[in-house]
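Worksheet: the structure to be examined is printed underneath.
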Amino acid sequence: MKISHVALWTAHIEAQKMFWRDYFAGTPNELYISKNRPGFVSYFISLYEGPAIELMSLDGLAKGRHGAELTGWAHIAINVGSRHRVDEM
């Protein structure tokens with residue numbers, strides 16, 4: 001078994017796309033615009049290794065309350081190989 005992709009809701013989809021492209025050499029697909037769910041758009045970011053990242057946005061997406069704990073994924077851990085590589089970023 002392997003994880004095919006993980007998904008992230010964002011209000012700033014273009015900034016997220018550039019982040020994954022610039023810092024992790026991710027390759028985005030063309031922007032998907034849903035015909036069935038008005039206001040929904042997404043990108044899939046393919047990475048060299050591991051699952052793809054789906055960036056999703058929706059008009060009027062609600063922001064979580066600052067400092068609030070919510071159900072769902074708590075975090076993802078990213079390994080870039082070394083502390084030096086992190087400092088380079």
*With sequence neighbours left out, write down each residue that passes side-chain contact (heavy atoms from CB on, under 4.5 Å) with Thr10, or none if nothing qualifies.*
His12, Ile13, Gln16
*What is the minimum heavy-atom distance between Ser42 and Glu54, and which atoms define it?*
OG-OE2, 3.5 Å
*State, to 0.1 Å, how close Pro28 and Tyr43 come at their nearest heavy-atom pair, and which atoms those are.*
CB-CD2, 4.4 Å
*Please list all pairs passing the salt bridge (Lys or Arg N to Asp or Glu O under 4.0 Å) test where one or both residues lie in residues 11-20, with sequence neighbours left out.*
Glu14-Lys17
*Pair listing, salt bridge (Lys or Arg N to Asp or Glu O under 4.0 Å) test, anchored in residues 78-89, at least two apart*: Arg85-Glu88
*Derivation and outcome, side chain to side chain contact (heavy atoms under 4.5 Å, CB included), residues Ile45 and Thr27*: CA-CA 5 Å; Ile45 309 296; Thr27 304; over 6 Å; no
*asked:* With clusters defined by side-chain heavy atoms of hydrophobic residues (ILVMFWY) lying less than 4.5 Å apart, directly or transitively, does Phe24 cluster with Met18?
replied: no
*Cluster question for you: counting only ILVMFWY and a side-chain heavy-atom cut-off of under 4.5 Å, with indirect links fine, are Ile53 and Ile3 together?*
yes
*Going from CG on Leu47 to CZ on Arg21, what distance comes out if it is rounded to the nearest 0.5 angstrom?*
13.5 Å
*Would you give the length of the straight line joining atom CG of Leu55 to atom CH2 of Trp9, rounded to the nearest 0.5 angstrom?*
11.5 Å
*asked:* Which residue in the set Val41, Leu8, Leu31 passes side chain to side chain contact (heavy atoms under 4.5 Å, CB included) when paired with Ser57?
replied: Val41
*Does the side chain of Phe40 reach to within under 4.5 Å of the side chain of Tyr32, using non-hydrogen atoms?*
yes
*Can you check whether Phe44's main-chain N or O pairs, donor with acceptor, with Asn29's side chain at less than 3.5 Å?*
yes
